[in-house]
Amino acid sequence: MSKLLAVLALAVLPACSSDPDPAGQDLAHVKSASGAFSAAFVPHPDPPTTGDNALDIALSDADAAPIEGATIQIEPWMPGHGHGTPVVPELSDLGGGNYHASHIDFMMPGFWELTVAVTVADLRDEIVVAYDVK
Amino acid sequence: MQKLLTSAALGAALVASTGSALGQACCTATGSSELGVVGRCHFAVLATQLSYDRGFGSVDAHGKYQSLEGARVDDAVLTLAGGVRLGTPALQLHATVPLRLQHRDLRGLPPATRLGPGDASLGFRAMVLEDLVAGLDLSEPSTLLPFVELFVAGRFPTGRDAGDSDTPTQADVTGEGAWTALGGAQITKFVTLHQAIVATGSYARRFPHQVAGASGQTRRYAPGDEIDAKLAYVNVFDLFWSATVFSTARFTARASNDGVAVPDSDTRRVRFGAGLSHYLSYPYWQLTGSASFDPPVDELGKNVPFTSATAGLTLQRNFTY
Ligand SMILES: [Cu+2]
């Protein structure tokens with residue numbers, strides 16, 4: 001888990017402004033800057049490796065109540081190389097505030113960001129999760 | 001102009017006739033070690049190089065090396081290259097056009113092999129100072145002068161960039177996607193009649209470009225500027241054979257997205273290699289074999305997605321005056 005880095009960014013902030021080494025962040029309870037969302041991320045495999053990866057996301061509100069029915073979009077991006085992936089990750093709603101993302105394809109080792117866009121009703125916020133892919 | 005050409009031809013003939021190893025020495029160590037660059041004693045060159053590059057590891061942002069597991073990354077590159085003097089022996093134009101065959105087999109993804117053009121380059125080179133090729137003699141200051149060549153070049157995004165990829169492994173990504181302008185110098189000093197040290201340095205500006213992610217969001221991506229350095233030792237055995245050992249280093253500055261620098265995205269890559277060159281038919285047909293690799297150690301590199309070992313074979317036809 002030490003290889004998983006996570007940071008938050010408001011939608012207005014560019015993804016690349018994130019700190020790549022937010023030491024000490026509790027990755028199991030990542031709060032959005034607006035405070036509206038909190039999420040826990042579990043990558044598969046853990047830590048992520050070059051190739052096909054998946055991600056479990058547990059989404060909750062400020063009171064730790066699970067958020068169901070959210071629309072989540074994930075965009076992988078390699079900020080140091082200026083590229084993403086040709087494949088858009090697929091999201092499935094498992095119910096109870098749990099979501100599963102598949103087809104997160106890291107085609108090379110290095111520093112990757114996942115911009116996780118969460119929309120609930122008319123509230124949209126972004127969480128940027130960073131991985132040091134091996 | 002005719003006078004210049006005549007004197008150049010005479011000079012070249014003189015060099016060639018004085019023998020052999022001496023003529024060969026200065027022909028071998030100036031320029032012709034680079035693909036498509038016209039050797040000192042020639043008027044033009046056409047070259048074709050076939051190289052094979054096998055990825056075996058990677059180096060992260062902290063300089064930590066790790067071998068590749070569950071991933072196979074192979075590139076075969078056929079490069080056509082050529083160069084020609086521009087009216088005077090001091091100036092030349094040279095170009096390279098690569099064709100890349102790339103295989104990627106990454107864990108959990110369908111393996112793919114794709115063929116496509118790489119990024120082509122065009123360069124202009126000028127010889128501004130000449131070594132006497134007489135060996136070093138401290139009592140004779142003129143023997144201290146090296147060959148000095150200045151060059152400018154462009155690399156063009158003729159290869160397919162990552163934004164246009166439609167293959168999950170990105171085996172189809174054969175180009176950087178950036179226009180690049182570079183300038184530099186090469187200094188060649190014959191320390192004896194048969195041994196030369198060649199130092200090359202260049203600075204490249206890689207221009208920003210618009211890139212789109214899979215979701216359609218676009219960003220203005222600016223790759224960091226690049227510094228390249230190469231140090232080589234060339235030994236000319238005789239008229240037909242020469243060998244070189246070399247090291248290359250490439251540094252790139254931090255990249256930025258939409259004007260914001262990406263922390264810790266600067267890169268460093270150091271490779272070592274050697275080559276052996278043989279004139280099949282002097283001075284026309286020349287065959288060169290070379291190999292190079294990234295040492296699999298910590299701290300030497302930084303942010304190298306795929307370290308590799310490379311072997312190449314180059315056949316070139318030199319044209320004389
Ligand atoms: Cu990359």
Side-chain angles (χ1 to χ4, degrees), chain A residues 2-3 5 7 9 11-22 44-45 47-54 72-91 102-117 126 128 130-134, chain B residues 55 57-62 64 66 68-71 73 104-109 161-173 176-178 208-209 211-217 219-224 252 254-267 303-306:
Chain A
S2 66
K3 287 168 182 165
L5 315 169
V7 286
V12 292
L13 289 177
C16 49
S17 64
S18 52
D19 178 356
D21 192 12
H44 303 285
T49 60
T50 303
D52 190 43
N53 291 261
I72 298 178
Q73 288 175 307
I74 296 182
E75 182 177 36
W77 191 253
M78 210 171 184
H81 295 181
H83 67 76
T85 64
V87 177
V88 179
E90 281 173 25
L91 264 294
S102 57
H103 298 306
I104 298 174
D105 297 342
F106 299 123
M107 68 288 298
M108 64 179 69
F111 183 72
W112 285 82
E113 288 177 346
L114 295 180
T115 301
V116 181
E126 285 184 359
V128 179
Y131 293 101
D132 192 5
V133 174
K134 300 296 183 187
Chain B
S58 71
V59 185
D60 69 13
H62 308 289
K64 177 124 183 58
Q66 185 163 323
L68 273 188
E69 278 158 33
V73 178
R104 300 284 181 275
D105 189 352
L106 312 177
R107 187 190 52 77
L109 297 177
D161 70 65
D164 289 331
S165 173
D166 58 15
T167 306
T169 57
Q170 290 195 344
D172 56 346
V173 177
E176 254 190 51
H209 53 283
V211 287
S215 66
Q217 185 190 349
R219 299 168 170 86
R220 188 159 180 77
Y221 171 70
T252 64
R254 288 191 304 176
S256 66
N257 288 275
D258 292 332
V260 182
V262 182
D264 232 7
S265 60
D266 53 304
T267 75
N303 282 326
V304 183
F306 298 119

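Computed from a predicted model, the values in this text were never measured in an experiment.
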Region of D166(B) in contact with chain A, defined by heavy-atom distances below 4.5 Å: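 Contact with chain A is through the backbone of D166(B) alone.
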message: Between P223(B) and chain A, with a heavy-atom cut-off of 4.5 Å, which part of the residue counts as in contact: side chain, backbone, both or neither?
response: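 Neither part; nothing is under 4.5 Å.
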message: Is the shortest side-chain heavy-atom distance between S165(B) and H83(A) below 4.5 Å?
response: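 No, side chains not in contact.
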query: Is L68(B) close to P109(A) at the side-chain level, that is, under 4.5 Å between some pair of heavy atoms?
result: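 They are in contact (side-chain heavy atoms under 4.5 Å apart), so the answer is yes.
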- prompt: Considering all heavy atoms of both residues, which atom of A255(B) and which atom of P79(A) are nearest to each other, and what is their separation?
  reply: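 Here A255(B) and P79(A) meet closest at CB-O, 4.3 Å.
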- request: Quick one: closest heavy-atom pair of P168(B) and D105(A), and the distance?
  value: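 Closest heavy-atom pair between P168(B) and D105(A): CB-OD2, 4.0 Å.
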[X] side, atom [atom1]; [Y] side, atom [atom2] - distance, nearest 0.5 Å:
X: M107(A); Y: Q170(B); atom1: CE; atom2: CD; value: 3.5 Å
X: L106(B); Y: N53(A); atom1: CG; atom2: CG; value: 10.5 Å
X: T169(B); Y: M108(A); atom1: OG1; atom2: CE; value: 10.5 Å

message: Between Y221(B) and G80(A) (side chain of the first, backbone of the second, donor and acceptor by atom type, cut-off under 3.5 Å), is there such a pair?
response: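 Side chain of Y221(B) to backbone of G80(A): a pair is present.
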- prompt: Looking only at atom types and distance, does a side-chain atom of E69(B) sit under 3.5 Å from a main-chain N or O of T50(A), one as donor and one as acceptor?
  reply: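 Pair absent, no side-chain N/O of E69(B) close to backbone of T50(A).
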Engaged part of H103(A) at the chain B interface, taking heavy atoms whose separation is under 4.5 Å: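 Nothing of H103(A), per the 4.5 Å heavy-atom cut-off to chain B.
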message: Please rank N303(B), T167(B), V59(B) by heavy-atom pairs under 4.5 Å with chain A and give me the top one.
response: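 Of the options given, most contacts go to T167(B).
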- request: In sequence, state the C-alpha distance, the side-chain angles, and the governing distance for R219(B) and E75(A), and then conclude on salt bridge (Lys or Arg N to Asp or Glu O under 4.0 Å).
  value: CA-CA 13 Å; R219(B) 299 168 170 86; E75(A) 182 177 36; 3.6 Å; yes
